[in-house]
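Shown next, in structure tokens, is the structure this report addresses.
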Amino acid sequence: MANPIRATVWNEYRHEQQSDEIAAIYPEGIHGAIAAGLREQAGITVRTATLDEPDHGLSDDVLAETDVLLWWGHKAHGEVSDDVVERVHRRVLDGMGLLVLHSAHYSKIFQRLMGTTCNLKWREADDAERLWVVAPGHPIVEGIGESIRLDREEMYGEHFDIPEPDTLVFVSWFTGGEVFRSGACYARGAGKVFYFRPGHETYPTYFNPEIRRVLGNAVRWAAPVERPARTFGNTRPVEGS
Ligand code: ZN
């Protein structure tokens, strides 16, 4: 793609302001760490937006200038306005990519796009996680080995109440014995959606070079293709006169 991909990293940005421990891990916020990882990669421009900004930082203008939106939320899903969820949903159906990160499995926008509860099992106990690549030809795993090991992460376990993914890219194993579908791709309208599991707020996961590589790859994968806007409704034949 000739033009840079325009990514917007959205974060509810509450843990970092309410916990010294988490602020020490993410001094620029989780969004700041994710944005810094994307800025390391060529061909991506990055802006950030947070819950407490007007319109949660996601005005129509911002969304119109966003090719791929990354979404991190956890404790304040209910504070995200339904108007903004509607606006993001419409943009995804029109072709904007969406990366749903970690506890955003329970965000309004992901539940709306999936149509299921998106519920799961969890445990905060310093489990190790190994993310196994199960789609070795997929662009999201370019440059990634057979697996990624994270020495400490929150555990998420099956059953994860999501629709069958179009492509499952990662399956995670945890030291407690659980497994989890940790990288899942979907098409929704003209848009592409990728759910990516790691990224609990008490661990420095978004500084991990392999996790950063996956996020950059996923931004490139989810970016819209250049096509005319879709048209609907009553129509004349395109063949004949
Ligand atoms: Zn978490």
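- Between His138 and Trp221, the ring planes lie tilted relative to each other; the angle falls in the 30° to 60° range.
- Considering every non-hydrogen atom in both Cys118 and Phe110, the closest pair reads SG-CD2, 3.6 Å.
- Residues Pro165 and Tyr186 come closest through the heavy atom pair CA-CE2, 3.5 Å.
- Checked options Ile109, Asp166, Val100; the residue passing with Val193 is Val100 (criterion: side chain to side chain contact (heavy atoms under 4.5 Å, CB included)).
- Under the 4.5 Å side-chain criterion, counting only non-hydrogen atoms from C-beta, His31 is not in contact with Ile34.
- In this structure, Asp151 and Tyr203 have side chains that are not in contact, with every pair of non-hydrogen atoms separated by 4.5 Å or more.
- Between His200 and Arg152, every side-chain heavy-atom pair lies at or beyond the 4.5 Å cut-off.
- Checked options Tyr206, Trp122, Tyr156; the residue passing with His102 is Tyr156 (criterion: ring pair (Phe, Tyr, Trp, His ring centres under 6.0 Å)).
- Between Trp71 and Ser107, the closest heavy-atom pair is NE1-CB, 3.7 Å.
- Between His74 and His15, the angle of the ring planes stays under 30°, which puts this pair in the parallel group of the 30/60° scheme.
- Residues Leu63 and Thr8 form no side-chain contact, since every pair of their non-hydrogen atoms from C-beta on lies 4.5 Å or further apart.
- With 3.5 Å as the limit, one finds a donor-acceptor pair spanning the side chains of Arg220 and Gln41.
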